[in-house]
Each structure stands twice: as C-alpha cells, then as structure tokens.
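To keep things clear, I will list the structure first and then write my remarks on it.
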Amino acid sequence: MMNIQIKGKLFDEDQIKHRVRELAEQIERDAAGTPIVLVAVLKGSMVFAADLMRQMNGSVQLDTVAASSYGKKSVSSGNVQLRKDLDLDVEGKYVVIIEDIIDTGQTLKFLCQHMSLHQPGELKICTLLDKPARRLVTLEADYVGFEIPDEFVIGYGIDYAEQYRNLPYIGFVETD
Ligand code: IMP
Ligand code: MG
C-alpha cells in the first residue's frame, strides 16, 4: 500500500458543516446545562473537534487523549495503549469523546473503559464517521455524523500514512 488514488468525494464541505452544526446543537440540548468537556482523540479528530466546538454556545471545555494500537488486525482489544491521558478534572461533567471514525471499535472501547475511571457525570461518544460493517466489539456511538460503507476514507483530519488530513472534504481512496 504505497500509492493511493482519490476515487471520489463522500462528503463535501457544506455537507460536513451542516451536519457538524446539527451534532453540536444535539449535544448541547442533551447536556441540558451540565458543563460539557469535549475529549478529542488525537490526531484524527482535531479538525472535527475544532469545528464542533465552535458551533457550541454554552460552557465547553476541551481536552485530548491519545491512544495507539499495535497489531491493528488483531481481534484483541488489549492491544490498545494510552499515550496521553486527560488533563482536566471531568468528574460530574458531560464528557463527550470525539472521534474521527469508528472502524473495529477497539480504540474507543478501550478509551471508554479508561475514561470511566475519571468518573464523568455522563460519558458519550461522538464520531464523525461510523463504519458499522467492520465492528469487532460491541460499541455504539451516541452521536454519529455519517454512517459509511466499508471504504478507506481520508480528509477533514483523517489520514492515510499521516497525509491528506488537510483536505477540506472527505474522500475515499483506492490503494495499491
Ligand atoms: P478502530 O475503531 O479501533 O478500529 O480504529 C479506529 C481508528 O482507525 C480511527 O480513529 C482511524 O485512525 C483509523 N481508521 C479506521 N478507518 C479508517 C479510514 O477509512 N481511513 C483512515 N483511518 C481509518
Ligand atoms: Mg484515529
């Protein structure tokens, strides 16, 4: 998998912007005044989290976590490791983990289990993209931007070999 070709656009800038605004409104409505902490999972969700946060009007704090997975193809969720933990105290808060894409679900399953140790008031998952066809563990996001088929996607923060994060749209690729 050295070269890739962008086969087409899945979602353009306007579609993303519109959906991000809807998600922000929904999260604020659900939080119902409880202070919100958005926890962006580095690095893929940076662009999404930045846009989502700017569509919110009330009290919002931002934090980040980083996880790395070894042996991506393994069925075991024990391969995910925490590289960076929370900085903020999230006890009692409306904590929303922000992810770019849920694939097998292993990363988020691990992060949720870890995050619950910090005793948030509520722990929610918000993902821009969801590929339910590839799930290996039981995990459902509370907020989903778009459900997508089993395609490899790039752009709007999402990378292929650390490239293409800067694309303003979400495209899908052919690998060879
Ligand atoms: P999983 O849900 O633990 O399998 O891993 C999700 C992570 O895999 C995402 O946060 C992405 O970093 C990466 N990933 C999954 N599908 C794609 C894709 O189509 N393009 C780019 N990265 C992906
Ligand atoms: Mg990621």
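We number each residue from 1, following the sequence as shown. Counting starts at 1 for both ligands and their atoms, following the listed order. Below, all heavy atoms of this structure are taken into account, side chains as well, without hydrogens, waters or symmetry copies.
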| field | Contact with ligand 1 for G105, non-hydrogen, under 4.0 angstrom | value | yes
| field | Residues which pass side chain to side chain contact (heavy atoms under 4.5 Å, CB included) with K17, listed by chain and number, not counting sequence neighbours | value | R21
| field | Nearest atoms (heavy-atom pairs only) where T138 meets K109 | value | O-NZ, 3.1 Å
| request: Enumerate the atoms of ligand 1 whose separation from the nearest heavy atom of T107 is less than 4.0 angstrom. | output: 1 (P), 3 (O), 5 (O)
| field | CG-OG1 distance between L139 and T107, expressed to the nearest 0.5 angstrom | value | 10.0 Å
| If you count the atoms of ligand 1 from 1 in the order shown, which ones are under 4.0 Å from a heavy atom of I158? | 20 (N), 21 (C), 22 (N)
| task | Check each heavy atom of E151 against ligand 1 and say whether those closer than 4.0 Å belong to the side chain, the backbone, both or neither. | result | backbone
| With ring centroids as reference points, do Y169 and F11 lie under 6.0 angstrom apart? | no
| field | Side-chain heavy atoms of E99 within contact of L128, under 4.5 Å | value | no
| Contact partition for V153 relative to ligand 1, non-hydrogen atoms under 4.0 Å | both
| task | Provide the number and element of each atom of ligand 1 under 4.0 Å from a heavy atom of Q106. | result | 2 (O), 3 (O)
| said: Quick check on contacts: which atoms of ligand 1 are under 4.0 angstrom from a heavy atom of E99? | reply: 10 (O)
| remark: Among I148, I101, V41, the residue with a heavy atom nearest to atom 6 (C) of ligand 1 is I101
| field | Backbone or side-chain N or O of L108 under 3.5 Å from ligand 1 N or O | value | no
| request: With sequence neighbours excluded, give me every side-chain hydrogen bond (donor to acceptor under 3.5 Å, both in side chains) pair touching residues 46-55. | output: D51-R54, D51-Y156
| request: Examine ligand 1 and decide if any of its atoms is less than 4.0 Å from a heavy atom belonging to K131. | output: yes
| said: As a quick check of understanding, evaluate salt bridge (charged side-chain N to carboxylate O under 4.0 Å, His left out) for K93 and E122, giving each step before the final call. | reply: CA-CA 6 Å; K93 307 240 171 91; E122 300 258 15; over 6 Å; no
| field | 4.0 Å heavy-atom contact, L136 with ligand 1 | value | no
| request: Please tell me if the side chains of Q119 and V90 come closer than 4.5 Å, counting only heavy atoms from C-beta onward. | output: no
| Part of D100 within contact of ligand 1 (heavy atoms, under 4.0 Å) | side chain
